[in-house]
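First the structure, in the form of structure tokens, and then the observations on it.
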Amino acid sequence: MLDVRLLTEVSPAETEAMVERGWRRFGPEYFRPICRGCNECVSLRVAVKDFRITKSQRRVVRRCAEVAVQIGAPRVDEERVGLYRKWHAAREAACGWHENPLDEEGYRRQFCFPQECGREMTYRLDGRLVGVGIIDEMPRSLSSTYFFFDPEVGKLSLGVYSALCEISLATQLGKDHVYFGYRVSGCKSLMYKSGFRPYEVLIGRPEEGERTKWVGVIE
């Protein structure tokens with residue numbers, strides 16, 4: 001079960017306060033799990049100053065040496081919508097996801113909803129769009145919201161590379177943390193998140209005004 005709230009005109013500081021308590025933003029929707037007696041979905045973040053890149057992640061960086069990364073405001077066009085459809089169709093075939101025939105208006109609503117902290121990171125190979133990452137830039141942190149990529153370049157491990165780029169960006173901007181959403185036990189597609197170490201997990205689901213407790217994990 002999810003607690004879902006439809007919110008507009010939320011400041012970056014207010015967004016950060018919610019993200020720190022385990023909320024995620026997707027367009028105008030803010031959500032977090034509220035399943036009774038279940039804590040399988042755990043919020044995960046990386047403290048930028050403590051992050052240590054692994055040998056396998058360095059190999060990903062080398063594989064992606066020709067990928068150009070740009071940062072700007074979220075945009076919608078045929079190129080982005082086409083890439084999203086291509087990626088989602090591959091997920092449908094591989095993982096049994098439901099169809100999601102997103103058009104430009106749906107893309108705009110989900111990924112380009114007016115939000116002061118919204119940013120887009122695009123990844124191009126030889127000029128061709130191969131990946132899009134949506135992030136939130138908040139006063140002390142970044143939140144990784146969504147990422148999709150061209151399945152034809154799957155061997156590049158763009159998902160891992162995008163996370164490394166977000167950590168690098170946070171370092172450049174002097175941020176403390178990058179929030180990577182939920183670590184879900186038993187979910188293979190989300191296991192990569194625990195590869196960015198050391199990371200911290202949120203204890204419980206603190207309400208507004210309650211103190212948050214994040215515990216470091218070293219594996």
Side-chain angles (χ1 to χ4, degrees), residues 1-47 72-76 80-81 84 87-88 91 95 97-121 132-148 162-163 166 169-170 173 175-187 189-190 193 199-215:
M1 294 179 61
L2 293 175
D3 184 358
V4 181
R5 300 180 184 182
L6 188 64
L7 303 172
T8 61
E9 299 181 359
V10 183
S11 72
E14 291 170 330
T15 299
E16 187 166 55
M18 294 187 71
V19 170
E20 190 177 359
R21 299 198 307 275
W23 293 85
R24 301 289 291 159
R25 183 181 80 85
F26 192 55
E29 294 184 353
Y30 292 74
F31 63 90
R32 68 175 179 178
I34 54 171
C35 302
R36 288 183 177 273
C38 176
N39 292 298
E40 293 298 309
C41 301
V42 181
S43 294
L44 181 152
R45 73 182 184 185
V46 172
R75 293 174 48 196
V76 57
R80 287 163 170 77
V81 174
Y84 176 84
W87 170 78
H88 204 278
R91 295 290 88 192
C95 306
W97 288 12
H98 294 298
E99 291 186 13
N100 186 18
L102 202 66
D103 58 14
E104 287 197 12
E105 182 55 37
Y107 186 99
R108 180 179 291 106
R109 182 174 58 254
Q110 292 185 16
F111 300 118
C112 306
F113 182 80
Q115 213 318 338
E116 187 179 345
C117 58
R119 304 286 185 272
E120 175 193 79
M121 298 181 71
V132 175
I134 305 299
I135 65 173
D136 282 339
E137 180 185 345
M138 301 169 294
R140 304 186 312 277
S141 61
L142 299 181
S143 178
S144 182
T145 302
Y146 208 93
F147 181 76
F148 57 91
S162 70
E166 291 162 4
L169 177 61
L173 296 175
K175 306 297 185 183
D176 296 328
H177 298 98
V178 177
Y179 290 85
F180 282 125
Y182 302 118
R183 182 195 67 183
V184 183
S185 298
C187 182
S189 64
L190 299 178
K193 296 182 180 183
Y199 61 87
E200 302 171 346
V201 295
L202 177 65
I203 303 302
R205 302 186 179 99
E207 297 298 334
E208 185 175 358
E210 293 181 354
R211 186 174 182 179
T212 60
K213 181 179 181 180
W214 289 81
V215 176

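Note that this is a predicted model, so its numbers are computed, not measured. All heavy atoms count here, side chains included; hydrogens, waters and symmetry mates do not.
Across L202 and P206, no two heavy atoms sit closer than the pair CD2-CD, 4.1 Å. Heavy-atom minimum distance, Y182 versus F31: OH-O, 3.4 Å. Listed here is the closest heavy atom pair of C112 and P74: SG-C, 3.8 Å. Here the closest non-hydrogen pair linking F113 and L7 is CE2-O, 4.4 Å.
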Query raised in the report: How far apart are the C-alpha atoms of R119 and L142, what are their side-chain angles, what is the distance that settles it, and do they pass the side chain to side chain contact (heavy atoms under 4.5 Å, CB included) test?
Result: CA-CA 10 Å; R119 304 286 185 272; L142 299 181; over 6 Å; no
Query raised in the report: Could you walk me through whether V76 and V81 pass the side chain to side chain contact (heavy atoms under 4.5 Å, CB included) check?
Result: CA-CA 7 Å; V76 57; V81 174; 4.0 Å; yes
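Counting only distance, with no hydrogens or angles, the side chain of K175 and the backbone of M138 share a donor-acceptor pair below 3.5 Å. Between the side chain of R205 and the backbone N or O of P33, at least one donor-acceptor pair lies under 3.5 Å. Not a single donor-acceptor pair under 3.5 Å links the side chain of E120 to the backbone N or O of V132. Judged purely by atom type and a 3.5 angstrom limit, E14 uses its side chain to pair as donor or acceptor with the backbone of S11.
Ionic pairing of E16 and R140 is present here: one or more N-O contacts between side-chain nitrogen and carboxylate oxygen are shorter than 4.0 angstrom. A salt bridge does not link E210 to R21: none of the charged nitrogens lies less than 4.0 Å from a carboxylate oxygen. With salt bridges taken as basic N to acidic carboxylate O contacts below 4.0 Å, none links E20 and R32.
By the 30° and 60° cut-offs, the orientation of the rings of W97 relative to W87 is perpendicular. The aromatic rings of F148 and F111 are tilted relative to each other, their planes meeting at an angle between 30° and 60°.
By the 4.5 Å heavy-atom criterion applied to side chains, D136 and R25 are counted as neighbours. Put simply, the side chain of T15 does not reach to within 4.5 Å of the side chain of W23, judged on heavy atoms.
Rounding to the nearest 0.5 Å places NE2 of H98 at 9.5 Å from NE2 of H88. With rounding to the nearest 0.5 angstrom, the CD atom of E9 is 10.5 Å from the CD atom of Q115. Here CE of M121 is found 6.0 Å from CD of E166. Values are rounded to the nearest 0.5 Å. Atom CD1 of I134 and atom CD of Q110 lie 10.5 Å apart (nearest 0.5 Å).
The residue from H177, R45, R183 that alone fulfils the side-chain contact (heavy atoms from CB on, under 4.5 Å) condition with Y199 is R183. Under the side-chain hydrogen bond (donor to acceptor under 3.5 Å, both in side chains) rule, R24 has a single partner from S143, S144, S43, which is S143.
Heavy-atom neighbours of E116 CD from other residues, nucleotides or ligands within 6.0 Å: at or below the threshold of 12.
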